[in-house]
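So the structure is just underneath, and the comments pick up after that.
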Amino acid sequence: MTVHSFQEHFDEKIDNEVSIEPRDWMPDDYRKTLIRQISQHAHSEIVGMLPEGNWITRAPSLRRKAVLLAKVQDEGGHGLYLYSAAETLGITRDEMIEQLHSGKAKYSSIFNYPTLTWADMGAIGWLVDGAAIMNQVPLCRTSYGPYARAMVRVCKEESFHQRQGFEIMMTLANGTEVQKKLAQDALNRWWWPSIMMFGPPDDDSPNTAQSMRWRIKRFTNDELRQKFIDVTVEQAKLIGLTVPDPDLKWNEETGHYDYGKINWDEFWNVVKGNGPCNKERLETRRKAWEEGKWVRDAALAYAEKRKARKEKATLAA
Ligand code: BYC
């Protein structure tokens, strides 16, 4: 096959919704885009464990502790599936971790905000996991097979996470005046960062057009943001909380909510490393990596010993 026919074969698969698999030929830029997106997605899951991890010991009951612990463990698992999916594209885990620690690779802006009260656990589950699902359900049909398959399981778990968050918010919103205030305060602080999670507006998103053509992305950033707002505003009403956007208004003509201006300067500032917790998050990850070195070394030494023993046994047989 010539390069030209490799390209044609690839395009045909994309057009016919046939998934691309690790051993298939793919354009270099398709591979690079996937490595960028999947590894950043993996980093987001791993860094995303930190804001909630801080609250495991402070959760208000044994049930809440167990549920939060399980959720944070799920996120670790999501990170691992995603690193494995990215590895099928020819990058090693060490390279990805190095890119995270050096600041070369991004992770979701949302995890650079602090978790100040227990209600933030509700807001993260409801809004952050809610936004994550809105983005990830279409990724179950993304064109790269290993990424799409990882997303199926991730989405099942995310939907449990979203419900646990909403249930915390509902409980607080139906509780005492102080509890209701905590819930409203958490919604006020997490609303705008959550709708920024979907990424820059379409006309300022350098990657969307090409990723849509390759069917890596199935919806644009603005389309997903709108879907999320339409669904979440109704949920807020149901539990008697107010979305902190005075310009939010149902638009009869479009059948969607109109919303206020998003502070994109804040978003880019956080993405560039200057959010309230960027330094702390990266420092915590670097420290965890260094402190875990002995575990990696021990696992490697054990694997090598086993391999040598197996080889010896094969030779002797
Ligand atoms: N934060 O051209 P664009 C979760 C970057 S966590 C930081 O639109 P693209 C969870 C973007 O990377 C959610 N950076 O890019 C875990 C690009 O820079 P580079 C994680 C952002 O890739 C625990 C530049 O801005 N989810 O699930 O077409 C607990 C221009 O953007 C952000 C995923 O990663 C941001 N929010 O679209 C709870 C989903 N947004 O890379 C929940 C998979 C944009 O060129 N990823 N940037 O240097 C995606 O769907 C897409 O990558 C995005 C961005 C929609 C995020």
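Start at 1 and go down the list; that is how both ligands and their atoms are numbered. All values reported here derive from a predicted model rather than from experimental measurement.
- Closer than 4.0 angstrom to ligand 1 sit non-hydrogen atoms from Arg36, Gln37, Gln40, His41, Ser44, Glu45, Glu75, Lys106, Tyr107, Ser108, Ser109, Phe111, Val128, Asp129, Ala132, Asn135, Gln136, Leu139, Tyr147, Glu158, Met196, Met197, Phe198, Gly199, Pro200, Ser205, Pro206, Asn207, Thr208, Lys217, Asn221, Phe267, Trp268, Val271.
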- Task: Show your reasoning for whether side chain to side chain donor-acceptor pair (under 3.5 Å) applies to Gln7 and Asp11.
- Result: CA-CA 6 Å; Gln7 178 74 50; Asp11 292 343; 3.0 Å; yes

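- In this structure, the separation between CZ on Arg218 and CZ on Arg141 is 4.5 Å, given to the nearest 0.5 Å.
- Cluster membership for Ile124 and Phe160, using ILVMFWY side-chain heavy atoms within less than 4.5 angstrom, is not shared.
- Among Glu157, Glu45, Glu52, the one residue that satisfies the salt bridge (charged side-chain N to carboxylate O under 4.0 Å, His left out) test with Lys71 is Glu52.
- A continuous path of ILVMFWY side-chain contacts below 4.5 Å connects Ile110 to Met196, so both sit in one hydrophobic cluster.
- Under the 3.5 Å distance criterion, with hydrogens and angles disregarded, a donor-acceptor pair is assigned to the side chains of Glu234 and Tyr257.
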